[in-house]
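Everything below concerns the one structure shown next.
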Amino acid sequence: LTATNATGTFNLRAFVDADNATPEQSEGDNQSTLTYTFAPGGGGSGYTGKPDFAITAITTEPAMLTPGCAFTTTVALVNYGLAAGDAGVLRMWLDHPAAATNQEAGGVELPVGALAMGGTTNIIFTGLTATNATGTFNLRAFVDADNATPELSEGNNQSVMTYTFAPGGGSGYTGKPDFAITAITTEPAMLTPGCSFTATVAVVNYGLAAGDAGVLRMWLNHPAAATNQEAGGVELPVGALELGGTTNIIFTGLTATNATGTFNLRAFVDADNATPELSEGNNQSVMTYTFAPGGGGSFDPGANSWSRPDFTVTELAFVGAAPSLAGEPFTVRVTVANRGLVAGNGGTLYLFASKADWALPGSEASADTNLTVGVLAAAGARTFDVQLPTPSARGVHHLRAYVVSPETEWSTGDNQSSIMYGLQTVQVSIEMVPGVGVVVTWNNYWGDTYTVYRKADLSGTFEPLATNIPSARPAEQNVFIDANPPAGGAALYKVGASAW
């Protein structure tokens, strides 16, 4: 893609189901925009240092609305941005199909107030009355509705909950169950051609009401999605599932296909489509397994032996506090374990101080450091404490550990792990002013608090001089004066930042 070659404000818009090919519960949340600005003089788009307010959920109590009923609405908000900020007012309309405009009048509103970076809050509107008519209505919520605070994106400030009152009934989008399959497991876990096995299927009701989950049908090999009421396979009744209820359905006496190849064990809940659901698209799940020539089991897609090592990162944690200030190294603890059935060479452990995306073969060259894992026995493990440099950019970073073995493993999908941490970048200037003292100045951010440290010589220890100094925003800099610097020599100063 090529960014617009001009100054101004632009809106990168994405639209899912853009041809309206599929009827949905709501057509009002299919679009989102990312707004960016190019200022005169060559400035960039300013994606950093701004908040980004979004609505993550709209729920009602009661969940089943009826014409003219009294109800309460809860709107869940989050700040996805890189700074704290004032989320202004949250405005709501009982029926507003089209996107609202900034400062649009009408509806009801409540103040949100400040949200820290990553912060969440629930705003509750009470005393609402549903439209006393039949039809389809759009309950719309709009955060920072007066556009009081510049954000990373202005396109995700609205969300809508669509509901329908049919003649003689309540909203057609509430009060239905939603059955889904969350897991398929086998005993033994390692299948072999022609073996007897048991399959356990975990079923859950994610919907808004209890309901009859009908029958659970299973096929030993069914690559494509099954159709409603499709014959074949084996089946068991599931029965009623409460709202949020779960159950395990166990198929016994199964026999694995006695041949080589790749097979798809498919399970289908409410397979006869007996109960209307919020969604019919999550009723099926599949477990794929492979039998290779030479007698290999189901987790052995390429050789004649399933006795392999399997190296995985089982622990990734900071030793002490997570880093918060650029320029200071930090220490992490990493444990690599062999979860396979035989010993093997664990190869090399690569560590990245900041890598958000998945590490792929060839990305090892960009690692900040690497260590030799060496040979690990089956069920063996090795732990490393490693010092890494802190990234220079403020924001959210992903610490990533990636183990690369020369062995053929059971799985390479568990060879890496990552954790997130936030970093505040502070630039400090120091000036000795006669008659005043040492003036320490630094850039600041909304919502941060600061600590000023001092030591009298290079071999000494930094000691806190002042703590819990609030950000001076909207002023762009904080100023601290050390009116009593050490006599007869220079002092060293540093500033630490803590986000809300």
Side-chain angles (χ1 to χ4, degrees), residues 1 3-4 7-16 28-39 43-59 74-92 99-104 109-123 140-161 322 324 354 356-357 391 393-398 418-426 443-449 471 473-474 476 497-500:
L1 302 177
T4 307
T7 59
T9 297
F10 306 97
N11 297 275
L12 185 67
R13 181 173 293 275
F15 189 178
V16 66
D29 54 359
N30 286 24
Q31 300 186 44
S32 186
T33 64
L34 180 146
T35 303
Y36 58 101
T37 299
F38 294 143
S45 61
Y47 291 148
T48 58
K50 294 180 182 177
D52 184 20
F53 309 117
I55 296 170
T56 57
I58 301 175
T59 56
T74 301
V75 182
L77 304 177
V78 64
N79 178 4
Y80 286 131
L82 298 175
D86 184 355
V89 299
L90 177 68
R91 195 164 288 134
M92 174 179 284
T101 58
N102 291 324
Q103 302 177 338
E104 182 175 334
E109 65 181 57
L110 287 172
V112 180
L115 272 181
M117 180 173 68
T120 61
T121 189
N122 290 326
I123 304 297
R140 181 173 295 274
F142 188 178
V143 65
D144 191 24
D146 292 333
N147 198 28
T149 301
E151 301 178 57
L152 290 181
S153 171
E154 306 290 348
N156 57 354
N157 287 22
Q158 300 185 43
S159 186
V160 68
M161 188 191 89
S324 61
S354 182
D357 55 323
R394 173 186 168 97
V396 176
H397 295 272
H398 296 74
S418 69
I419 54 176
M420 296 171 59
Y421 62 98
L423 193 63
Q424 316 299 318
T425 302
V426 177
N443 59 307
N444 57 23
Y445 300 92
W446 287 103
D448 289 1
T449 58
S471 171
R473 286 283 170 172
E476 295 184 354
S498 299
W500 277 6

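From a predicted model like this one, the values you see are computed outputs, not experimental measurements.
Contacts of Ser354 classified as side-chain hydrogen bond (donor to acceptor under 3.5 Å, both in side chains), with partners at least two apart in sequence or in another chain: His397. Here Ala148 pairs with Asp144 under the side-chain contact (heavy atoms from CB on, under 4.5 Å) rule; sequence neighbours left out. Here Ala100 pairs with Trp93, His96, Glu104, Arg140, Phe142, Gln158 under the side-chain contact (heavy atoms from CB on, under 4.5 Å) rule; sequence neighbours left out. Under the rule for a side-chain hydrogen bond (donor to acceptor under 3.5 Å, both in side chains), the partners of Asn444 that lie at least two apart in sequence or sit in another chain are Arg473, Asn478. Residues meeting the side-chain contact (heavy atoms from CB on, under 4.5 Å) test with Thr120, sequence neighbours left out: Val78.
Ile123 contributes atom CD1, which lies 12.5 Å from atom CD1 of Ile58 (distance to the nearest 0.5 angstrom). To the nearest 0.5 angstrom, Thr74 atom OG1 is 6.5 Å from Asn122 atom CG.
Between Asn157 and Glu151 there is a side-chain heavy-atom pair separated by less than 4.5 Å. For the pair Leu115 and Pro51, the minimum side-chain heavy-atom distance is 4.5 Å or more. When side chains are defined from C-beta on, Leu90 does not count as touching Phe53, because their heavy atoms never get closer than 4.5 Å.
The two residues Lys50 and Pro150 have their closest heavy-atom pair at CB-O, 4.1 Å. When all heavy atoms are compared, the tightest approach of Ile55 to Ser159 is CG2-CB, 3.7 Å.
Each salt bridge (charged side-chain N to carboxylate O under 4.0 Å, His left out) pair with one or both residues in residues 109-122, not counting sequence neighbours, appears once here: Arg91-Glu109.
No donor-acceptor pair closer than 3.5 Å links the side chain of Asp52 to the backbone N or O of Tyr80. With hydrogens and angles disregarded, no donor-acceptor distance shorter than 3.5 Å links the side chain of Ser418 to the backbone of His398.
Under the 3.5 Å distance criterion, with hydrogens and angles disregarded, no donor-acceptor pair is assigned to the side chains of Asn102 and Glu154.
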